[in-house]
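Note sheet for the following structure.
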Amino acid sequence: MNAGRGLALVLLLVTVLAASPGAVRAQAPVDSVRETRLDNGLTIVVRENPVAPVVAIALLVRMGSRWETPDTAGISNFTHAVMVKGTTRRGGAEIAETVAALGGKISAAGDVDYSGVQATALARFWRELLEVTAELALQPALAPAEVDRERDWLLSRLQRRRDNAPARAFDEFYARIYGPHPYALPSLGTPESLRRIDHAAIVKWYRAFYRPERMTLAVSGQVASAEVVAEVRRLFGGVPGAALPPDPVLPAARSAGGRAVIEAPAQQTQVLVGGIAPPLDHPDHAAVKVLSTILGGGMAGRLFVELRDRSALAYTAASYYEPVREPGVLVLYLGTAPGTSTPAEQALLREVEKIRDVPVSADELTRAKGYLLGRYAMDRRTNDRQAWHLAFYEVEGVGRDYPERYRRQVEAVTPADVQRVARLYLAQPTTIILGPPADP
């Protein structure tokens, strides 16, 4: 979901990759990565990459929507919006200028399973970049005036998201399908929660989560592992740590299917159909990823071919299933004209019924695997994405060898597996229709 939910709103049309599944391999072998845990609990993961003279840092913290409630919804993202406004040593503009002079950029945000700081620069400035990252993480000013300013900005951003039909449709879908589970909460928060969160709440939240035992710092680039570990130990090693507390026991997602129609001013009607899907480390994860790819994987996906190209029932047709620690969601999405929303919805449901009832062909399965693994390999080509993936897999608790395990699992998916997970996870789909009112 940043991997997260933002990806569900980036509607890209991409060409199908022709690579066979067996030809796709992870870009960073496990043996090129060094992992170290400091005495205070902070985890360091370093990938030496001599190819490009750049470096990327991802400092991810176990902090996000999964720990929030309706009263605190959006507080993780809110905290990071305030953090980037300055530290006890310098203001946000000076920090941005400093990183730009290093040939890079820096940002901070909250998400569903994690929050944190990401930064890039030219490799020769890796020490300076690491020092700025540590300063932002360990010495944020969290000034009261910035809390009020950021609240106003976040409220305006929340309103813009509500005014965006696809974004609102996805928010409504997650809220309906997850029910009492905190994944139902928008990462940006709600108007009610943002108005309730004050400076004291921001400071308390920061202190509760920005602790070394909750942090993973990943570095990828033209660096020496030993030097990076020594510098991280100098910058972070003096921060007191403790045992990592157990994850909270969360209420189960309650998704009993059903259909809801939401009237909203828009040029298009949004049609979303889907259901609860397995978490990242579940044995069915790879099979559901393949199922999602067959249905909505670019211009070769069934939804695009059948509903957009052949039937002209949709402007946009796609499928999304993002990896998360708790149960995920498989979402089939159409953007269509208001006048064709009913036949488009019916055609979409027929595609769901078809993939549940009729096994996919060997050729279609092979193409889907090649497309899925090809995009996965492409996503992990840059140091920026490599650093994020290394930190993400550590935070999610699946291990840095996950990419190779995932590749093997995808290659092992059979037509029977696809049909089984389609029947299991799309047995009682939830449907959201969001668009302009129907003509009287």
Side-chain angles (χ1 to χ4, degrees), residues 2-3 23-62 104 106 111 113-127 129-131 133-134 137 212-237 241 244 280-281 285-286 323-325 373-411:
N2 170 323
V24 179
R25 290 294 184 269
Q27 296 298 307
V30 173
D31 59 5
S32 72
V33 177
R34 172 179 173 179
E35 181 174 328
T36 305
R37 194 177 303 275
L38 300 185
D39 291 341
N40 61 8
L42 184 140
T43 300
I44 310 166
V45 189
V46 185
R47 172 183 179 261
E48 295 184 2
N49 176 19
V51 176
V54 295
V55 65
I57 295 172
L59 174 63
L60 299 192
V61 183
R62 290 175 173 86
I106 192 167
D111 208 280
D113 284 341
Y114 66 90
S115 303
V117 181
Q118 292 183 252
T120 59
L122 296 174
R124 64 179 181 272
F125 298 126
W126 69 265
R127 292 180 186 274
L129 186 68
L130 191 58
E131 187 164 354
T133 302
E213 67 272 13
R214 304 188 72 92
M215 298 180 186
T216 295
L217 191 148
V219 179
S220 179
Q222 207 174 74
V223 295
S225 297
E227 294 179 358
V228 172
V229 171
E231 189 67 5
V232 174
R233 180 174 282 109
R234 181 183 72 83
L235 294 168
F236 289 86
L244 183 66
L280 176 65
D281 62 349
H285 176 72
V324 284
R325 182 70 174 268
L373 292 177
R375 287 197 69 184
Y376 184 62
M378 291 289 289
D379 182 45
R380 299 173 60 248
R381 290 181 65 187
T382 66
N383 282 309
D384 188 23
R385 294 300 295 163
Q386 278 286 355
W388 180 86
H389 276 282
L390 288 169
F392 175 73
Y393 291 139
E394 176 66 28
V395 166
E396 297 291 53
V398 296
R400 69 174 189 266
D401 63 337
Y402 179 83
E404 180 61 21
R405 299 202 320 269
Y406 171 67
R407 180 190 63 77
R408 293 196 303 267
Q409 291 166 358
V410 168
E411 290 180 346

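On a predicted model such as this, the values are computed, not experimentally measured, just so you know. For reference, positions follow the sequence shown, starting with 1.
Minimum heavy-atom separation, Asp113 to Val395: O-CG1, 4.0 Å. The minimum heavy-atom distance linking Ala52 with Gln222 is given by the pair O-CB, 3.5 Å. Residues Ala391 and Ala58 share a closest heavy-atom pair of CB-O, 3.9 Å. Of all non-hydrogen atoms in Asn40 and Leu42, the two that sit nearest each other are OD1-N, 3.2 Å. Minimum heavy-atom separation, Leu60 to Phe392: CD1-N, 3.6 Å. Here the closest non-hydrogen pair linking Thr216 and Arg62 is OG1-NH1, 4.4 Å.
The distance from atom CH2 of Trp388 to atom OH of Tyr114, rounded to the nearest 0.5 Å, is 4.5 Å. Met215 CE to Phe236 CZ: the interatomic distance, rounded to the nearest 0.5 Å, is 6.5 Å. In this structure, CG on Asp379 lies 10.0 Å from CG on Asp384, to the nearest 0.5 angstrom. To the nearest 0.5 Å, atoms OG1 (Thr133) and CG (Leu59) are separated by 7.5 Å. Considering CG of Leu280 and OH of Tyr393, their distance stands at 7.0 Å, rounded to 0.5 Å. Rounding to the nearest 0.5 Å gives a distance of 11.5 Å between CZ of Arg405 and CZ of Arg400.
Legend: residues meeting side chain to side chain contact (heavy atoms under 4.5 Å, CB included) with Phe125, ordered by chain and number and at least two apart, are Leu102, Leu122, Glu128.
Taking the side chain as every heavy atom from C-beta outward, Leu373 and Arg407 approach each other to under 4.5 Å. A 4.5 Å side-chain heavy-atom check between Leu217 and Leu130 finds at least one atom pair inside the cut-off.
Listed by first then second residue, pairs satisfying side chain to side chain donor-acceptor pair (under 3.5 Å) with a partner in residues 48-57 read Glu48-Ser225, Asn49-Asn383, not counting sequence neighbours. Applying the salt bridge (charged side-chain N to carboxylate O under 4.0 Å, His left out) test to pairs two or more places apart or on separate chains, those with a residue in residues 222-232 are Arg127-Glu227, Arg127-Glu231, Glu231-Arg234.
In terms of modelled atom types and a separation under 3.5 Å, the side chain of Arg34 and the main chain of Val229 share no donor-acceptor contact. Side-chain atoms of Arg214 do not come within 3.5 Å of backbone N or O of Val61 as any donor-acceptor pair. Between the Gln386 side chain and the Arg380 main chain, a donor and an acceptor come within less than 3.5 Å of each other.
By the 30° and 60° cut-offs, the orientation of the rings of His285 relative to Tyr406 is tilted.
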